[in-house]
Amino acid sequence: MNRSGKLDWSLTVLWVSLVTVGLIAIYSATQGPVAEFLPSYIQINFYKQLVAFAIGICVFASIQFISPRAFKEGSYLFYGICLFLMILTLLIGREVNGAKSWLVLGPVNFQASELMKVATILATANYLTSQRNISAENLRHALITIVLLLVPTILVLLQNDTGTALIFLSLIPVILFWSGLPYGISLFIISPAVIGYLCIIGWYWGLLAAVILTLLIFFIQRRTWLTFTSFVCGILIVIGVQVALYQVLQPYQRGRIEAFTNPEFDPQGAGWNVIQAKTAIGSGGIFGKGFMEGTQTQLRFLPEQWTDFIFCVIAEEFGFLGASLVLLLFMGLLLRILKNAQNHQHPFAQIVMIGIAWIYFIHLFINIGSASGLLPVIGLPLPFISYGGSALLTNTLMLAICVNLDFHKRQLSIYR
Amino acid sequence: MLGLGVIILMRLFQLQILEYDRYSPQSRENALRQEIVNPARGLIYDRNGKLLVDNEPIYSLTITPATYDPEATPLLANILDIPVDTLQKRIEKAQTYSWQRPSRLLTEIDFETFSMVQENIWQLPGIGHQIESKRHYPVDSLQASHIFGYLREVSEEEYQQSNTYNLGDKVGKSGLEAIYNSQLWGENGIDYTLVNAMGQSLGSYNNGASDEAPVKGHNLHTTISADLQLLAEDLMEGKRGAVVAINPQTGGILSLVSAPQYSIRKLSGRIDNEYWQSINTDPGNPLFNRAISSRQPPGSTFKPLMALIGLEMDIITPQTEVYNPGYYYRGRRYGDHADVGNYRLRKAIQNSSNTYFFWVMDKIATSGRLNQWHDMTADFGLGSKTGIDLPYEVEGILPDSAYFNRVIGKNKWGIGDVLNLGIGQGYMAVSPLQMAVATAEIANNGYRIKPHIVHTIKKENGQVVRNTPSRKKIEWLEQADIDVVKEGMRQVVTDGSGRYYADLDSVAIAGKTGTAQNPHGEDHGWFIAFAPYDNPQIAIAVLMENSGFGSISAAPVASLLIEKYLTGEINRPYVYNYVKDFKPKKTTASNE
C-alpha cells in the first residue's frame with residue numbers, strides 16, 4: 001500500500017453531500033405531506049434509496065482495494081458482459097414507461113444500460129491507450145473508437161431509451177477530442193447537436209449557427225473539404241429537423257417539443273410538466289419555501305418529483321441558495337475530477353476520468369435544463385440525487401473508480 | 001462545461017429571482033382554490049318597516065365520488081326517499097363531472113331530510129352539504145310579484161360581462177330584484193382552500209385567516225303599504241287589469257298590482273319547471289306587468305287633463321257652455337252618451353260629456369295647436385317613461401303632427417283622428433302607472449312627480465342612500481283652473497258616474513271614470529281618483545280589462561282601496577263582496 005497516494009477525501013465528502021441532498025429531497029418528495037397522494041410503492045422509494053446508499057458505501061470502499069490495472073485489463077471482458085446483459089434485456093427485459101431497459105434478477109431490478117456506461121468508458125479508454133501510437137487523428141483508430149461507442153448507443157436506442165442513448169452519443173466527441181482529434185473536427189462533430197437544438201427554437205437560428213460554426217471550423221482548421229462538408233451538413237440538418245418535426249415525429253413527440261417552445265399552448269396536456277416545473281423553481285425565490293413546505297411538491301403538481309424533476313423539489317423548498325449550493329457541489333465534484341485527471345500521468349486514467357466527469361455533467365445539464373425549460377423534457381435522472389438504485393450505484397461505482405485511479409496513481413504509471 | 005454550468009446558474013437566477021413575481025403567484029394559484037362566498041341578499045321592507053322579503057336557507061347535498069362508498073347508496077336512497085336507480089344515476093353523473101371535487105347531488109332538500117342525513121353522516125362517507133339561500137316572503141299571502149320580481153341563474157352572457165357573478169348564481173330578472181340587483185347583492189367573500197393537483201380539497205388555508213368575509217347586500221326600504229297591497233291583490237284576484245296607488249305629494253308608490261300575477265314563492269329557490277311552463281303559456285300572461293307595460297287608451301279619464309289644457313289655452317272658461325244634442329257633428333256624428341242639454345265645464349266632467357271635449361279638441365286642432373296640446377299633455381308624464389324603479393316600463397303613445405305624418409302619412413290624416421284624442425281614444429295609449437301619476441299631479445296642484453318604490457337604501461354599515469322625491473311645478477298651470485277641474489272630479493263622485501261605488505261618507509273622493517275602447521273585445525274600464533279631496537294623500541288609477549264601464553268595474557276597487565288606506569278599514573262589505581264576485585265579461589276569441 002505504500003505505493004498508494006492519498007485518498008481523495010474531498011471527492012468522498014462531495015459524494016456523501018450530494019447523496020445526502022438527494023435523500024433529503026427524496027424524503028420531502030415521497031414522505032412529506034405529499035405521501036397522502038402517493039401509492040405506497042412510490043413512498044417506499046426513500047427507503048430503497050437509503051439501502052442503495054448503504055450498498056453504495058460498500059461498493060465505494062471495496063473498489064479502493066482493487067488494483068487500477070484490473071480496470072484496464074478487465075475492461076474488454078466487462079464490456080462484453082455488459083453487451084450480453086444489454087441484449088438479454090432486449091430479449092427478456094421488463095418495460096417501464098415505454099422503455100424496455102429493466103432486467104429482473106430475482107428480487108432485484110436493474111438497468112444494464114447504467115453499467116454499460118462504465119464498461120464503455122473503460123473499454124474505449126483501454127483501446128485508445130493500448131498502443132503507444134494510437135490517436136484519434138488516425139481514421140481507423142477513430143472509427144474503432146466510434147464503433148465501441150455506437151454499439152451500446154444502438155442497443156439503448158433499441159430499448160427505446162432515447163435519453164441514455166444521447167449520453168452515449170455525446171461521449172463520442174468528448175473522448176475523440178481528448179485522444180487527439182483536432183479542434184476543427186471536434187467542432188464539426190458537435191455542430192449537429194448545436195444546430196439541431198437551435199432549429200427547434202427556430203429554423204433561422206439553426207441556419208445562423210450552421211454559418212457561424214462553418215466559419216469557425218474554417219478559421220481553426222483551414223481545410224476546404226471540411227469547411228464545405230460542415231456547411232452542407234449544417235444546411236441538411238436545418239432541413240432535416242424541419243422535416244422531422246412536421247413529417248417524421250409522432251404527434252406525442254411533436255407535442256413534447258412544442259411544449260418546450262411554447263408550454264402555454266397546451267397547459268393541461270404536453271405543457272403541464274414544463275409549466276409546473278418552472279413554476280416550482282421560480283416560486284422558490286431566494287430562500288425557498290422550506291423543507292416539506294413546497295406547495296408544488298407537496299400538492300403533487302410536479303411530475304416524477306423523486307427522479308427526473310427532483311431538482312424542482314430542491315429549488316422550490318430551498319430556493320436559489322439551495323439550488324446554487326447543489327450546482328456548486330456538482331461543479332466542485334467535476335472540477336476535482338478534472339484536476340485529478342490533469343495531475344494523472346496515465347492517459348487511460350485521464351480518459352476514464354474525463355469520460356466519467358462528462359457523463360455526470362451531461363446528466364446534470366440535461367436534467368436541470370429540462371426542469372428549467374432550457375431543453376425539451378428528456379427523461380434523465382440527476383446523478384446521486386434522483387431516486388434510482390441502478391443509477392446511484394453506477395454513479396457511485398464511477399466515482400469510486402475515479403478515486404481509485406487517483407489513489408493508486410503510481411501503480412498505473414509504473415505499469416506503463 | 002463551465003460555460004454550460006454558468007448558463008444553468010443564470011437560468012436559475014432568471015427563474016427564481018428575476019421572474020419570482022411571476023411564478024410565486026402562479027404556484028399560489030395552483031395550490032389555492034378560491035371559493036366565492038355569496039353574500040346574503042339585501043332585505044326589502046314596506047313603508048312602515050315591515051319585512052316583506054328576506055332569505056331562508058336551502059340545503060343541498062353534495063357528493064365527493066372519490067371518498068363515497070357505493071354500498072351506502074341504498075341507505076341514502078332510503079333517507080332521501082327516492083328510488084335507488086335515480087340516486088345511482090345522479091351519483092354516476094357526479095362521477096363524470098369530477099372524481100375529487102364535490103358536486104351537487106340533490107338541491108333544496110327539506111330540513112327534516114337534511115337532519116336525517118346529518119344523523120347518519122358517519123355511514124355516508126363522501127356526502128357533504130351546502131347551505132345556500134333563497135328568497136322568502138314573510139307576509140303570508142302577499143305576492144307583490146310585479147314589485148319584487150324573481151331571481152334566475154345568471155345567463156352565460158351576464159356571466160361573461162360581470163366579474164361579480166359565477167355560473168349558478170341567482171340574480172334579479174324582474175322587479176326591484178332586477179333594478180337594485182347590484183345593491184341587493186352585496187360584496188362577494190372569498191374562502192381559500194388548499195387543493196392538490198388532482199383538485200382534491202385539503203381543507204381551509206391558513207385556518208381561514210386569509211379568507212375574506214362577504215358583505216351583506218343593502219336593504220331596500222320601499223314606499224309600499226303592505227296592507228294596501230294585500231287588499232289590492234285580494235280585490236284583483238281572478239281579474240285582468242292593474243292598480244297603481246301613489247302618494248301624490250312624494251310620488252312614492254303605495255301599491256302596485258298587475259293581475260293576473262304569478263306566484264312569487266313558486267319562482268323562489270329550485271325552479272319548478274312545470275310551473276314556469278304554465279305561466280309562460282298562460283293566455284292571461286301573468287309575467288306581463290300591466291301596471292307599467294300595458295298600453296291602453298285612457299278614455300274619459302283623460303278629460304280632466306283636456307279641461308286643464310282647454311282652460312290654459314283660453315278656449316274655454318268654467319262658464320263656457322256647449323250644447324250636446326246627443327252627438328258632436330263634424331263631417332259625421334261623434335256619439336255622446338251624456339244627457340242632451342247644455343254643459344259647462346264642471347258638469348261636462350261630472351257627466352263625461354263627449355261633445356264638450358270634442359268641441360275643445362276641435363278648437364285646438366283648427367287653431368293649429370295640436371303640438372302645443374301634445375306638449376302640455378306630455379308635461380303630465382304621458383307619452384314618456386315615468387322613470388319608476390321597475391324594469392320594462394313603456395312610454396305609451398302621445399301623438400303630435402309628426403307622429404300622424406309618420407304613422408298615417410302626410411296629408412292623409414284629418415280632424416277625425418284628432419277629435420278622438422279629446423276623449424282619450426284613438427291614437428293614444430297610456431299605462432295605469434302614467435294615469436296614476438297624472439292623477440297625482442292634478443291632486444297635488446300641478447307638481448311633476450317621479451314615481452318610485454324604494455325611498456331609502458340602507459347599507460350594512462348604516463350608511464343611507466335616499467331617493468329624494470323631486471317635485472317640480474308644471475309652470476303653465478293656474479291654481480284657479482286646477483280647482484275647477486278638481487271640483488268637476490269631485491262632482492263625478494258625488495253626482496256623476498262614480499256615485500254608486502265611490503261616494504264615501506268617511507272620505508271625500510274625487511275621480512273620473514273611463515272606458516277604453518278595445519277593438520279586440522269587451523272594453524276596458526278605467527277609474528282614476530284621489531282623496532281626501534282637500535288634502536290628497538292617495539292618488540290611484542285602476543284598469544279593469546274587458547269589464548265594460550269603469551264606473552262599475554274599476555271605481556269600486558279604487559274606492560275600497562282609498563277607504564282602506566285612509567280609514568284603515570272597510571265599512572262597506574257589500575262593495576267588497578261585489579268586487580270579489582265581479583266577473584269580467586267573456587272575452588271574444590279574437591282577444592290575443
Side-chain angles (χ1 to χ4, degrees), chain A residues 33-34 36-37 174 267 272 275-289 294-303 305 311-312 314-316 318-324 326-328 330-331 334-335 338 354 357-358 360-362 364-369 371-375, chain B residues 1-35 64-68 96-102 125-126 191-211:
Chain A
V34 72
E36 199 185 326
F37 321 120
V174 173
W272 170 269
I275 291 175
Q276 298 305 338
K278 278 164 78 176
T279 304
I281 296 175
S283 65
I286 300 178
F287 301 104
K289 298 178 186 168
T295 52
Q296 291 286 105
T297 305
Q298 302 304 339
L299 298 173
R300 200 64 191 89
F301 284 92
L302 282 176
Q305 56 190 17
F311 188 74
C312 300
I314 297 167
E316 188 190 21
F318 303 104
F320 181 69
L321 292 182
S324 315
V326 171
L327 273 185
L328 224 61
F330 268 115
M331 283 302 143
L334 294 176
L335 290 176
L338 292 180
I354 282 155
W358 175 255
Y360 290 152
F361 176 76
I362 196 73
L364 170 87
F365 184 72
I366 290 182
N367 179 283
I368 300 180
S372 59
L374 277 178
L375 297 171
Chain B
M1 216 146 74
L2 208 60
L4 291 178
V6 171
I7 287 178
I8 287 183
L9 199 67
M10 275 162 54
R11 176 65 168 176
L12 287 182
F13 185 81
Q14 181 201 357
L15 288 179
Q16 298 197 283
I17 293 169
L18 300 182
E19 293 181 4
Y20 173 72
D21 291 338
R22 182 176 141 205
Y23 289 109
S24 181
Q26 205 166 315
S27 87
R28 223 176 109 88
E29 258 168 54
N30 259 347
L32 289 185
R33 184 156 62 212
Q34 295 189 359
E35 265 162 47
T64 312
T67 45
Y68 180 71
T96 58
Y97 168 63
S98 167
W99 202 257
Q100 303 285 359
R101 288 188 184 206
D191 275 359
Y192 291 99
T193 320
L194 210 56
V195 290
N196 65 13
M198 286 76 79
Q200 206 171 347
S201 171
L202 308 173
S204 176
Y205 168 71
N206 218 349
N207 283 328
S210 316
D211 295 352

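The sequence lines fix the lettering, A, B, ..., with proteins before strands; numbering per chain opens at 1. Because only heavy atoms are used, hydrogens play no part in the values below, and waters and symmetry mates are left out as well, while side chains stay in.
Neither the backbone nor the side chain of B:L32 comes within less than 4.5 Å of any heavy atom in chain A. Proximity to chain B involves both the backbone and the side chain of A:F365, based on heavy atoms less than 4.5 angstrom apart. If you measure heavy-atom distances from B:L9 to chain A, the contacts under 4.5 Å come from both the backbone and the side chain. Heavy-atom distances place the side chain of A:Q276, and not its backbone, under 4.5 Å from chain B. For a residue to count as touching a neighbouring chain, one of its non-hydrogen atoms must lie under 4.5 Å from one of that chain's; by this rule A:L338 touches chain B with the side chain only.
In this structure, A:K278 and B:R11 have side chains that are in contact, with non-hydrogen atoms separated by less than 4.5 Å. Here the side chains of B:N30 and A:T295 are not in contact, with every heavy-atom distance at 4.5 Å or above.
For A:A371, the side-chain contact (heavy atoms from CB on, under 4.5 Å) criterion is met by A:I281, A:F309, A:C312, not counting sequence neighbours. Under the ring pair (Phe, Tyr, Trp, His ring centres under 6.0 Å) criterion, B:Y192 pairs with no residue at all, not counting sequence neighbours.
Here the straight-line distance linking atom OG1 of A:T279 with atom CZ of B:R28 works out to 14.5 Å at 0.5 Å rounding. Taking NZ of A:K289 as the reference point, atom OG of B:S27 lies at 3.0 Å (rounded to 0.5 Å). With rounding to the nearest 0.5 angstrom, the CZ atom of A:F311 is 7.5 Å from the CD1 atom of B:I8.
With chain A as the partner, the residue from B:S24, B:A31, B:G5, B:P25 showing the most heavy-atom pairs under 4.5 Å is B:A31. Annotation: maximal heavy-atom pairing with chain A below 4.5 Å, among B:E19, B:Q26, B:R22, occurs at B:Q26.
Each of B:L15, B:I7, B:L4 was checked for a side chain to side chain contact (heavy atoms under 4.5 Å, CB included) with A:L374, and the lone residue meeting it is B:I7.
Proximity of a side-chain donor or acceptor of B:Q16 to a complementary backbone N or O of A:A315 within less than 3.5 Å is detected.
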